[in-house]
Amino acid sequence: MAKSSTTSDARHDTTSDTGDATTTPKGAKPEKGKKGKKGKHGKKAEKARAKAADERAAAQAKATAKAEKAQRKAEKKAADARTAAAADLIARRDAAIELLRARPGDLLTAVDTAATPGFDGSRADGERALAAIGEQLSGLQERLFAHGRTGGDRSVLLVLQGLDTAGKGGIVRHVLGLVDPQGVALRSFGVPTAEERRHHYLWRVRRALPRGGSIGVFDRSHYEDLLVARVDELVAPEVWQARFDEVNTFEARVAAAGTVIVKVALWVSPDEQYRRLRDRLERPDKHWKYDPSDVDARMKRPAYEVAYQDVVDRTNTETAPWYVVPADNKWYARLAVSALLHRALSDLDLGWPAPAYDVAAELARLDATR
Ligand code: AMP
Ligand code: MG
């Protein structure tokens with residue numbers, strides 16, 4: 001406020017300087033012939049006013065510079081806090097991830113869906129931590145992207161599974177949204193199209209695998225062919241039964257070709273799922289997210305639990321492990337997946353690619369064009 005009034009005062013003064021306020025009464029026109037001529041006294045006053053205006057302008061510039069400096073300082077402080085939070089988080093990252101890793105004998109029905117394993121902060125802490133880890137993810141992803149651009153074959157594949165409302169879409173928005181979309185290859189798998197049905201169930205999956213340099217994200221995946229296909233009896237039991245081994249072989253090949261596979265089962269409680277479905281029905285802005293088949297699938301939850309348990313038990317390999325993420329707290333699930341991605345990307349241990357040209361020679365060529 002103070003700043004703008006100073007500015008307008010200064011402007012006002014400058015305007016009045018064009019007339020001769022000291023010798024001409026307000027509203028009266030300067031006498032003809034005298035225009036432009038000023039007495040000694042008038043010149044002195046004008047000088048004083050100019051000086052005062054200069055001083056005000058200088059003071060204002062100083063105040064602006066001070067405010068800008070304070071803002072830069074505050075921004076740096078916030079950035080430093082985020083970096084410190086990220087460093088702290090990353091120091092505890094692997095221990096937290098270990099808690100999510102599916103282990104033989106663990107029952108999905110025993111998962112505490114409201115828990116936040118490995119993270120004891122609040123939701124606000126979690127959101128801050130996600131922003132902090134996001135900055136790092138973005139840097140790591142840029143290296144992966146650069147690696148791909150220079151012919152590298154490494155990539156990451158994040159497989160997101162979960163019952164309706166588990167938060168798969170939110171992970172895509174809030175976690176993958178933290179990195180450059182150029183480097184993300186998202187594929188959502190719905191009911192197979194007529195063309196897809198004419199092929200082997202892995203056909204559409206192979207076509208969607210990430211290329212070198214990118215992060216592939218599957219929103220649902222080939223696992224639907226072991227879940228909905230089994231629960232809804234879309235294929236005979238011996239057909240889906242053969243798929244566990246087939247999927248393991250497939251994923252081992254994908255991993256051998258350079259893709260780090262991270263499989264996440266987002267696990268929500270029936271109560272939380274009820275609340276989320278209800279929300280979708282109550283809010284016009286969420287109606288589009290609801291599908292009447294969601295209630296049908298919800299009624300089959302016991303069958304889905306059995307099918308998911310088999311999937312997690314039988315396709316939990318070293319090269320393509322499953323992580324079961326409690327998902328009643330969306331912020332936690334997002335943070336957990338960001339930690340998983342962070343580890344996958346940092347384990348690639350990619351440096352910046354060496355240029356395929358002579359840097360010194362190119363510098364000389366560029367400078368010659370100046
Ligand atoms: P959504 O992810 O909510 O958009 O829903 C996609 C729907 O497609 C879900 O009901 C899935 O069960 C279904 N779906 C995905 N893959 C398959 C598949 N291979 N066979 C049958 N249904 C599938
Ligand atoms: Mg749905």
Side-chain angles (χ1 to χ4, degrees), residues 108 157-176 184-209 216-244 246-248 250-251 254 263-270 272-312 314-315 325 327-328 330 333-334 337:
L108 286 171
L157 174 61
L158 175 66
V159 174
L160 294 173
Q161 281 291 156
L163 300 171
D164 290 306
T165 78
K168 302 182 290 291
I171 299 277
V172 172
R173 245 186 341 275
H174 294 273
V175 181
L176 280 310
V184 177
L186 169 68
R187 173 70 153 92
S188 302
F189 290 97
V191 178
T193 61
E195 188 191 18
E196 286 168 352
R197 271 201 305 275
R198 282 198 294 274
H199 293 88
H200 186 270
Y201 71 99
L202 289 175
W203 178 76
R204 63 177 186 166
V205 179
R206 278 196 193 95
R207 289 158 60 94
L209 288 171
V217 183
F218 285 179
D219 173 353
R220 301 190 193 264
S221 63
H222 42 297
Y223 284 102
E224 291 295 322
D225 295 286
L226 281 160
L227 295 163
V228 66
R230 170 178 176 178
V231 171
D232 284 355
E233 299 177 7
L234 305 177
V235 293
E238 56 275 21
V239 174
W240 60 257
Q241 275 159 5
R243 290 178 176 172
F244 295 102
E246 197 171 21
V247 160
N248 285 337
F250 168 68
E251 289 179 352
V254 171
K263 300 187 295 197
V264 172
L266 296 166
W267 209 242
V268 276
S269 65
E272 182 60 23
Q273 188 192 43
Y274 168 79
R275 278 190 288 274
R276 292 181 187 176
L277 285 174
R278 187 146 184 123
D279 197 41
R280 289 179 181 186
L281 283 169
E282 282 175 349
R283 289 176 47 176
D285 63 320
K286 291 204 172 182
H287 285 169
W288 66 275
K289 289 189 179 188
Y290 182 84
D291 189 297
S293 74
D294 293 349
V295 172
D296 300 313
R298 176 175 160 80
M299 291 194 296
K300 297 173 198 158
R301 184 169 176 125
Y304 271 107
E305 283 171 350
V306 171
Y308 262 98
Q309 188 71 55
D310 271 352
V311 159
V312 169
R314 297 181 58 186
T315 63
V325 174
D328 282 4
K330 290 178 180 173
R334 292 165 190 172
V337 174

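Side chains are part of it too, since the values below use all heavy atoms of this structure and drop only hydrogens, waters and symmetry mates. All values derive from a computational prediction rather than experimental measurement. Order of appearance sets the numbers: ligands from 1, and atoms from 1 within every ligand.
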>> Please determine whether salt bridge (charged side-chain N to carboxylate O under 4.0 Å, His left out) holds for the pair D310 and R314, giving the CA-CA distance in whole Å, both sets of side-chain angles, and the decisive distance to 0.1 Å.
In response: CA-CA 6 Å; D310 271 352; R314 297 181 58 186; 5.0 Å; no
>> With carbon and hydrogen excluded and only N/O/S kept, which atom of D164 is nearest the Mg ion (ligand 2)?
In response: OD1
>> With a 4.5 Å cut-off on side-chain heavy atoms, are Y304 and V228 touching?
In response: yes
> Is Y308 close to Q161 at the side-chain level, that is, under 4.5 Å between some pair of heavy atoms?
Replying inline: yes
>> Would R220 pass as a cation-pi partner of Y223, given that its NZ or CZ must be under 6.0 Å from the six-membered ring centre and within 45 degrees of the axis?
In response: no
>> For a quick check: using heavy atoms under 4.0 Å, what are the residues in contact with ligand 1, sorted by chain and number?
In response: D164, F189, G190, V191, P192, R204, R220, E224, D225, V228, L234
> Is it true that K300 and D232 make a salt bridge, defined as a side-chain N closer than 4.0 Å to a carboxylate O?
Replying inline: yes
> With sequence neighbours left out, what residues match V306 under side chain to side chain contact (heavy atoms under 4.5 Å, CB included)?
Replying inline: R230
